[in-house]
There are 2 protein chains.
Amino acid sequence: MDMRRLVGRNVRRIRLEKGLTQEAFAERSGFSQQYLSDLERGRRNPTVVTLFELATALGVSHVALVEPDGEDARVTPLRRGGQRKESADKALARNAGGASKATMS
Amino acid sequence: MDMRRLVGRNVRRIRLEKGLTQEAFAERSGFSQQYLSDLERGRRNPTVVTLFELATALGVSHVALVEPDGEDARVTPLRRGGQRKESADKALARNAGGASKATMS
DNA sequence: TGAGTTTATCTTCTATAGTGTGTAAATGCT
DNA sequence: AGCATTTACACACTATAGAAGATAAACTCA
């Protein structure tokens with residue numbers, strides 16, 4: 001279980017679902033775009049406080065950022081009615097459907 | 001939402017439920033007893049990797065360590081002025097009910 | 001083809017996570 | 001009383017989280 005990559009995937013997925021660019025997310029979260037890039041690629045090991053601030057900026061619970069996502073959800077061999085998410089990260093990159101072109105111009 | 005304290009409470013509660021001392025938990029987790037003491041008292045800001053290692057050593061999911069526990073869990077719109085729950089932690093130290101004396105030496 | 005937008009990568013820097021050692025404060029046991 | 005166990009607290013130290021800046025790579029669309 002690679003926590004860095006798990007958090008990275010969750011952050012990227014949720015960010016894209018919200019239709020935010022890394023830059024727009026950076027502005028509203030206070031983290032730099034560079035840091036978010038590293039984070040989403042699993043190169044960073046955020047603290048629980050950082051986790052909470054990221055989740056708050058994304059409008060989700062901090063728990064959502066550490067929840068297994070199917071890519072490497074090992075510890076639970078049996079799942080009963082859980083969520084099945086097998087879509088690729090890239091697939092989400094298309095467009096979240098909502099706001100594109102995050103503010104600013 | 002004080003993530004440091006939330007994680008601290010969860011770790012302490014689960015550790016005591018398992019009937020482990022900080023020292024016994026330190027041995028099986030690889031963290032020092034001093035660090036665990038700080039952690040449980042909300043003085044530390046662990047990374048997600050640390051969170052996972054702690055959870056693994058406790059035999060629970062890493063999600064359990066960040067799950068709201070009622071103390072400051074829900075986004076209680078009601079007044080959140082009082083966190084005078086100081087002695088409550090000690091109350092747990094009495095005995096977790098199950099295994100006592102963590103299979104030492 | 002080139003400009004604009006978005007993300008990845010590099011370097012330098014400060015703050016702090018986590019280690020190691022020691023010890024004090026409690027609590028418990030006989 | 002004493003001794004053992006458990007937890008709290010201090011200090012110095014190394015590794016890294018996260019900030020700040022600039023820029024390269026990549027994709028989008030005129």
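Using a 4.0 Å cut-off, some side-chain N or O of B/Q22 falls inside it from OP1 or OP2 of D/dA8. Residue B/R4 has no polar side-chain atom (N or O) positioned under 4.0 Å from OP1 or OP2 of C/dT16. Look at A/T50 and you won't find any side-chain N or O under 4.0 angstrom from OP1 or OP2 of D/dA17. Regarding contacts with the backbone of C/dG18, a side-chain N or O of B/T47 is found under 4.0 angstrom from either OP1 or OP2.
In this structure, B/L16 places its CG atom 15 Å from P of C/dT27, rounding to the nearest Å. D/dT7 atom P lies 13 Å from atom CD of B/E27, rounded to whole Å. Atom CZ of A/F52 is separated from atom C1' of D/dA17 by 19 Å (rounded to the nearest Å). If you take CG of A/D38 and C1' of D/dT16, they are 13 Å apart, rounded to a whole angstrom. The CZ atom of B/R41 sits 18 Å away from the P atom of D/dT6 (whole-angstrom rounding). A straight line from CG of A/L39 to P of D/dG18 spans 8 Å, rounded to a whole angstrom. The nearest whole Å value for the distance from the CD atom in B/Q33 to the C1' atom in C/dG18 is 14 Å. C/dG4 atom C1' lies 14 Å from atom CD of A/E23, rounded to whole Å.
At a threshold of 4.5 Å between non-hydrogen side-chain atoms, the residues B/V60 and B/E67 do not count as touching.
Distance check, rounded to the nearest 0.5 Å: CG of A/D38 to CZ of A/F31 gives 13.0 Å. Distance check: A/M1 CE to B/H62 NE2 gives 5.0 Å after rounding to the nearest 0.5 Å.
The base of D/dA8 lies outside donor-acceptor range of the side chain of B/E40, with no N or O pair under 3.5 Å.
No hydrogens or angles considered: a donor-acceptor pair under 3.5 Å links the side chains of A/Q33 and A/Q22.
Side-chain proximity of B/R44 to C/dT7, D/dT7, C/dA17: nearest is C/dA17. The side chain of B/N45 has C/dA17 as its nearest neighbour among D/dT7, C/dT7, C/dA17. Looking at the side chain of B/T21, the nearest of the listed nucleotides D/dT7, C/dA8, C/dT19 is D/dT7.
Residues B/L36 and A/Y35 both approach DNA chain D. Their nearest nucleotides, taken by heavy-atom distance, put B/L36 toward the 5′ side. In this structure, B/Q34 and B/R43 both approach DNA chain C, and ranking their closest nucleotides by distance from the 5' end singles out B/R43.
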Verdict with reasoning, B/F25 to B/K18, per side chain to side chain contact (heavy atoms under 4.5 Å, CB included): CA-CA 10 Å; B/F25 182 29; B/K18 303 289 182 179; over 6 Å; no

